[in-house]
Number of protein chains: 2
Amino acid sequence: MTRVAPNSGREGVSLRLMTPVAAPKASRRTPADKHDERRKALAESALRTLGELGYARSSLREIANNSEFSHGVVHYYFNDKLELIVYCVRYYKETCVHRYDGVVAEATSPDDLAERFGDKLVETIVEEAPMHRLWYDLRSQSMFEESLREAVTQIDQSLEDMIARIVDRYATLAGAEPAIAAPVAYGMFDGIFQQALLGHLNGREGALEDLRAQVVGLMPMLLAPAKA
Amino acid sequence: MTRVAPNSGREGVSLRLMTPVAAPKASRRTPADKHDERRKALAESALRTLGELGYARSSLREIANNSEFSHGVVHYYFNDKLELIVYCVRYYKETCVHRYDGVVAEATSPDDLAERFGDKLVETIVEEAPMHRLWYDLRSQSMFEESLREAVTQIDQSLEDMIARIVDRYATLAGAEPAIAAPVAYGMFDGIFQQALLGHLNGREGALEDLRAQVVGLMPMLLAPAKA
DNA sequence: CGCTAATCTTGACGACTGTCAAGATTTCTC
DNA sequence: GAGAAATCTTGACAGTCGTCAAGATTAGCG
């Protein structure tokens with residue numbers, strides 16, 4: 001009698017499709033929805049531990065101890081440790097890729113956009129450093145662990161798109177064209193962001209102010225002269 | 001009778017200083033030197049396993065199995081696993097930071113330098129991808145493990161210096177001044193290099209050619225117009 | 001209420017880990 | 001070549017790990 005977690009397909013969409021969604025207001029809480037909510041609650045708990053200890057040192061028991069669940073329940077909602085962790089990072093990064101949407105929407109000038117962008121980058125390092133280091137940890141692990149690559153590639157792509165939206169908006173506000181392609185822009189910003197995160201975790205004074213200044217100084221260089 | 005590895009001070013310099021170095025040609029092989037050689041041999045074996053499995057999944061037994069040593073000998077030459085791994089990465093990165101010295105010395109024009117640089121970057125990804133992913137792994141781990149930060153910071157600094165030498169030489173050849181500071185340049189190149197490495201490991205066609213083109217295209221943007 | 005299915009807890013398993021110590025083996029020195 | 005020091009092997013230790021299964025508990029429904 002092997003126990004198999006129901007709704008364990010990726011993203012847990014399958015079961016939800018089976019519930020009758022005839023009346024838009026009816027069936028507020030189908031059991032499948034509750035199952036999904038539980039997974040999210042478990043993921044949020046797990047993210048605390050993962051952000052503190054990293055991928056390798058986070059045992060399922062430690063994750064469960066720092067939550068309201070017991071260590072066995074993990075295998076009820078996830079097939080194995082990897083599925084839990086991939087779910088967690090995907091869950092977190094969902095909220096991540098829209099972090100700068102406000103910046104893009106509200107900026108009134110190129111300089112304004114650059115400054116708001118720099119501020120947001122600094123802010124997220126201060127407030128969510130554990131999540132960011134977890135992301136870099138997982139991305140590094142994906143270089144060794146084949147089964148992580150699909151999720152990491154997808155997240156990386158969505159982050160690249162996020163940066164592309166900023167650069168495009170910046171160019172539009174400046175009445176110019178971007179001088180570099182999206183992958184380059186993403187790689188660059190990701191690189192200096194990673195350095196700032198490292199400096200911040202090392203307690204290096206000025207790491208965050210440097211990041212802000214670097215971003216503001218870099219943005220104008222991303223534009224082609226004026227027009228073709 | 002606790003066993004303590006002799007010459008276990010960092011970098012193993014202390015004992016060597018005790019050997020009489022009066023005659024320049026005498027005492028070719030002091031026992032301390034042999035001890036150091038053994039550490040290096042062990043490190044080279046360990047690097048193969050570390051590059052294959054990464055930091056967390058490389059057990060001391062696995063490292064020893066892929067070498068000519070037994071698993072117990074590790075504690076004769078290193079105090080613990082961390083000291084071994086830090087020694088390994090330091091050992092490897094020593095040869096790493098001079099990879100582009102030839103490029104700097106031989107380049108005859110800015111464009112020539114940019115192309116040689118791009119070629120070398122591609123070459124090292126092809127030939128030493130496991131070493132590079134190990135480095136990114138270790139750097140990510142240092143965000144969680146305090147005891148890794150000193151070594152990682154030092155290596156990162158020497159890599160930044162390496163990039164600075166390239167940018168400076170590029171500017172000199174072009175008769176201009178660098179438009180960006182060394183930390184920014186390093187962060188940028190490290191970022192796009194990391195993306196290329198990820199793409200290469202993912203089997204993405206064109207990842208290496210993209211890197212080469214990105215670098216060649218990026219270099220001119222690192223220069224301030226002409227002169228002050 | 002009573003029954004069934006979903007959910008959760010508990011405890012155990014085999015495997016693997018870093019570390020260490022005792023003894024075997026080799027190397028060096030006189 | 002004998003004695004001593006350095007080097008290496010082997011085996012064991014106390015933990016921790018992911019995983020799983022059996023049973024307890026709860027929730028949903030007629």
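Chain identifiers are assigned alphabetically (A, B, ...) following the order of the sequence lines, protein sequences preceding nucleic acid strands; residue numbering begins at 1 within each chain.
- Atom P of nucleotide dT7(D) and atom CZ of Arg38(B) are separated by 9 Å, given to the nearest angstrom.
- Between the OH atom of Tyr76(A) and the P atom of dA6(C) there is a distance of 7 Å, rounded to whole Å.
- In this entry the distance linking NE2 of His75(A) with P of dA21(D) reads 11 Å, nearest Å.
- If you take NE2 of His35(B) and P of dA6(D), they are 10 Å apart, rounded to a whole angstrom.
- Separating the CZ atom of Phe78(A) from the P atom of dC20(D) is a distance of 16 Å, rounded to the nearest angstrom.
- Aromatic pair Phe117(A)/Phe189(A): ring centres closer than 6.0 Å.
- Taking atom CG of residue Leu60(A) and atom P of nucleotide dG11(C), one finds them 18 Å apart after rounding to whole Å.
- Here the closest heavy-atom approach between residue Val97(B) and residue Arg165(B) is recorded as O-NH2, 3.0 Å.
- Under the 3.5 Å distance criterion, the side-chain polar atoms of Arg57(A) are left unmatched by any main-chain donor or acceptor of Glu52(A).
- Distances shown here put every side-chain N or O of Ser59(A) at or beyond 4.0 Å from the OP1 or OP2 atom of dT16(D).
- dC20(D) atom C1' lies 9 Å from atom NE2 of His71(A), rounded to whole Å.
- Taking 3.5 Å as the limit, the base of dT17(C) and the side chain of Arg57(B) contain no donor-acceptor pair of atoms between them.
- Rounded to a whole Å, the CZ atom of Arg61(B) is 11 Å from the P atom of dT19(C).
- Checked options Gln195(A), Arg139(A), Glu160(A); the residue passing with Asp190(A) is Arg139(A) (criterion: side chain to side chain contact (heavy atoms under 4.5 Å, CB included)).
- Across all strands, Ser70(A) comes closer than 4.0 Å to base atoms (heavy-atom distances).
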